[in-house]
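These notes are about the structure you will find just below.
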Amino acid sequence: MIDMEKVYNFELVEGKWSKYWIENKTFSAKVDKSKKPFTIVIPPANITGSLHMGHALNTTLQDIIIRFKKLQGYNTLWVPGTDHGGIATQTVVEKILKKEGINKYELGREKFLEKMWQWRSETGDTILNQLKMMGCGLDWDRVAFTMDESRSKAVKKAFIEFFNKGLIYRGKRLVNWCTRCGTALSDIEVEYADEKSHLWYIKYMLKDSNEHIVVATTRPETMLGDTAVAVSPDDDRYKELVGRTLVLPLLNREIRIISDYIIDKSFGTGAVKVTPACDTTDNEIAKRNNLEIIEITDITGKMINVPEKYKGLTINEAREKVVKDLQDLDFLEKIEDYAHKVGKCYRCSTTLEPLMSEQWFLDVGEMSKKAIEVVNEQNTVFHPESWKRPYTLWLENLRDWCISRQLWWGHRIPVYYCIDEKGNKTNCKPIASFDKPTHCSCCNGTNFVQDEDVLDTWFSSALWPMSVFGWQDDRNNEELQYFYPTSVLATGHEIIYLWVARMVQFGLEFMKEVPYKDVFIHGIVRDKHGGKMSKSLGNVVDPREIMHKYGTDALRFALASAAAPGRDMQVSEESFLSARNFANKIWNASRFIIMNLEGIENLEKELTSVELSDKWILAEFFETSLKVKKAYDSYNIDTASRELYDFFWTKYCDWYIELSKIRMTSENRQERKQVLKILVYVLKNMLQLLSPVMPFITSEIWQILGEKKIIAESKLLNEQKENDKSSIDEMKSLQEIIVSLRTIRSEMNISPVCQIEALFNVLDENKVKVVKDNENYIKQLAKISSITFAKNITRPKNSALAITSGFEIFLPLEGLIDIEKEKLRLSKEVALAKQEIERTTIKLQNDNFIKRAPNSEIEKVKSKLNEANIKLEKINESLKFLG
RNA sequence: GGGCAGUUAGCUCAGCUGGGAGAGCAUUUCCCUUACAAGGAAGAGGUCACAGGUUCAAUCCCUGUACUGCCCACCA
């Protein structure tokens, strides 16, 4: 006797299965050339992270895809891993150390890195353990880390190849500088935020003249670094002045007035102060016009190369002082309120300062062109397609990638400089190599120092699809050949540029092949009001809490059914509750069947039943199955989930199981077995189709049903047969009759225990057989004691009326009926029928409609009109009869 | 400034290669009918953002407008 609790207890089930899959290596994959591979590499989560909704969604979707492909017979592989997270992780650990009163500079690089590694070994696997709890079908023998030995080798190898090709170069450029982190950032690591500020209007005097030009600026302190004033070439106001000399206030430096196309004459005064060291636009103007670049801030954000009184001030202090001095000397014309966007560090939100500094850059020109080509040629396909354009546009306008970071946590740049005996760098050519070189090729020196900087964390991420398969050891190795290119990359749209595009670039550069065939872009999880989830806003829904409260399958199902491709989604507590209820429904429907299977044997050998409800549920199932498979295959996970839900609940449970109950009470043992056979058949197939989304509950029930192989390792059972859809229409008639009888009962407040008789006046001869054959169902489900079929039945007194599916049905309700209520009900029906008649008549009177609409449509409207006419006539008769 | 989404029931969202709209939650009524009250039955609730156009026919296609959200950009 199998004991199943009345309420699905996920706690008893989940731990058991997640452990089983890991211990039995259910999702481990080896090269097997007899099977087609299906590969996904996980977007490696930062080791600082613990599971949030974004991870939960992302991994659920990947797991669904993997599990479905496995059912289809692919050799599936999903590779797990984590990312060292460069700046993000270093920031976190710095903060922790700060609380302990430790300063990283006092600690020194080496000791600090020890702390980092210690921290990583203590907490770095948190997220992987959480993925295990979620039941993710990852190959746990392949866990990779972007900074482990093997991945580090890959980074060095890639760097050295780039370096030797001349694609990596060092240059002094204006970069985004975070004064808090003390490092440069790439352009996409900048986040812009609105900030209220001012526009300061400053007068610049013309040399040897009393005239002046007014410039508007949001950063008055940068005037200390001005080397020109620029105007638009087609600005008539300033045409005469171009080429003249200005005297910079406070400094008395002489600067020229130049013209440059980029200036918008309609903004401010049309004249712009040019500070090449503090602004990217100005920097470009400077390049075009050969202007001097004066650096006025250092890497800590303090003023340099300025008059003594400003030296060493912070930017804000300098601003205050400069404004005051300008005011005192009457150079400040006015101050306006102004809101604009300010660049912030994407990890610590400090306002960024553009700063001239020596950095390593990667020339991405050629790689970008190729990365665009492969997408245009559909070697890599975006799902949904709408993301292709942003991807392409971004790559088209991409500037070289600043890959060096002034951090300690990360891959140290493998470039070595020859040094003399005093420890100073020589002028010899730097060498990129895996280890410290033994001797310098220029001077035969043997002393070297390594570059201090580390690489942008995304550099190692860009190699991920190759590095997890050992590209760094042997680019012709069997695994790489078999699993690369991977099948699909699933990720949110926020890292298309940071990560997706760069993997394509690197993949093409080193493998000459795209890293994945499909890119599945899903949305971002938002709170119930559409806002971003963030700890500071306090609107975070923690997936671990949801798992604890509603179960992991509920979490997964809710996320899956909300995951329309490419669109952000809102999740709320209710969606998880409803998913939990669905799990319970699955449990109880299965429980019902399993209880009835008690003592039944040899079910497989039973005949396939031929009765309507069986044919119907099979037809409906085949249709659903087809839709679900198609949806899974095209990454429409939401559609698949909804189809499964809808079929299981409203067709299988609400109708088929209810009908089965009636047949199961029959004395006929054979009949009972036949129903059970269909019940079990559909259930098993449904469990399989549901198992990618809800692996725990489906695994459990599958096992209780006595299957020897676990569901994750089963193969999809059903093959598409010829589907006889006529049963769907016939069943629909039956359902309509039952529903309309129930409606009358409900509206007349007739007690459910009260059996009533029904008279079926036949209007359509063709419908009689089906209804008569299934009379028993109508009786049971609508609580009807007896049914009389006849033509021209006389309308009984005090009866209620239903017209549906070719019958005029009378329910004699002497003593039960409220005549007034029935009249009211019928007059509403009259109104509806009249409306229908009017609408269809107008259509049919329209010559153009008759001429141009397809025949099938015309027939449909005609039959609607016909039905409505009959309905109206019959209801009117009834109304007359009721008085 | 450019690009991309969205606007459908009180809320969260489906639907659409054009033929008078669906689900979940919430709500009303009835029911503890032995799979499930985390349930069942029945109901109420919508000029499908607005304005034009194409068409016999528009929630769906086209154009424009408004609002919302996101991304990109060198408006000081």
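Note that these values count all heavy atoms, side chains included, but never hydrogens, waters or copies made by symmetry. By convention in this document, chain letters (A, B, ...) are assigned in the order of the sequence lines, proteins followed by strands, and residues within each chain are numbered from 1. What you see is a predicted model, and the numbers here were worked out from it, not measured in a lab.
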[X] side-chain proximity, nearest of [options]:
X: A/R642; options: B/A41, B/G24, B/A14; result: B/A14
X: A/R839; options: B/A35, B/G19, B/G20; result: B/G20
X: A/K585; options: B/A42, B/C36, B/G3; result: B/C36
X: A/S578; options: B/A38, B/A76, B/G24; result: B/G24
X: A/K6; options: B/A37, B/C71, B/G3; result: B/A37
X: A/F849; options: B/G19, B/A38, B/A35; result: B/G19
X: A/R567; options: B/C25, B/C13, B/G19; result: B/C13
X: A/E574; options: B/C25, B/A35, B/G19; result: B/C25
X: A/R742; options: B/A42, B/A35, B/A76; result: B/A42

**Study point:** Mate of B/A23 where both pairing distances stay under 3.5 Å, Watson-Crick or G-U
**Key:**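 Paired with B/U12.
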Review point. Hey, does A/N846 reach any base, or is it just sugar-phosphate, or nothing, if we go heavy atoms under 4.0 Å?
Key: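 Here A/N846 touches the backbone only, sparing every base.
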Exercise for review: Indicate the ring-plane relationship of A/W587 and A/Y8, choosing parallel, tilted or perpendicular according to the 30° and 60° boundaries.
Suggested key: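 Ring orientation of A/W587 relative to A/Y8: tilted.
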Check your understanding: With distance as the sole criterion, is a donor-acceptor pair present between the side chains of A/H493 and A/D568 under 3.5 Å?
Key ->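 Checked: A/H493/A/D568 side chains pair up, N/O donor to acceptor below 3.5 Å.
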Check your understanding: Without hydrogens or angle criteria, can the side chains of A/S561 and A/D638 be said to hold a donor-acceptor pair below 3.5 Å?
Key ->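 Judged by distance alone, the side chains do not pair up.
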Taking only the side-chain nitrogens and oxygens of [X], find out if one of them lies under 4.0 Å from OP1 or OP2 of [N].
X: A/W394; N: B/C4; value: no
X: A/Y338; N: B/A76; value: yes
X: A/R745; N: B/A41; value: no

Check your understanding: Are the ring centres of A/W649 and A/Y645 closer than 6.0 Å?
Key ->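 Judged by ring-centre distance (under 6.0 Å), A/W649 and A/Y645 do meet the cut-off.
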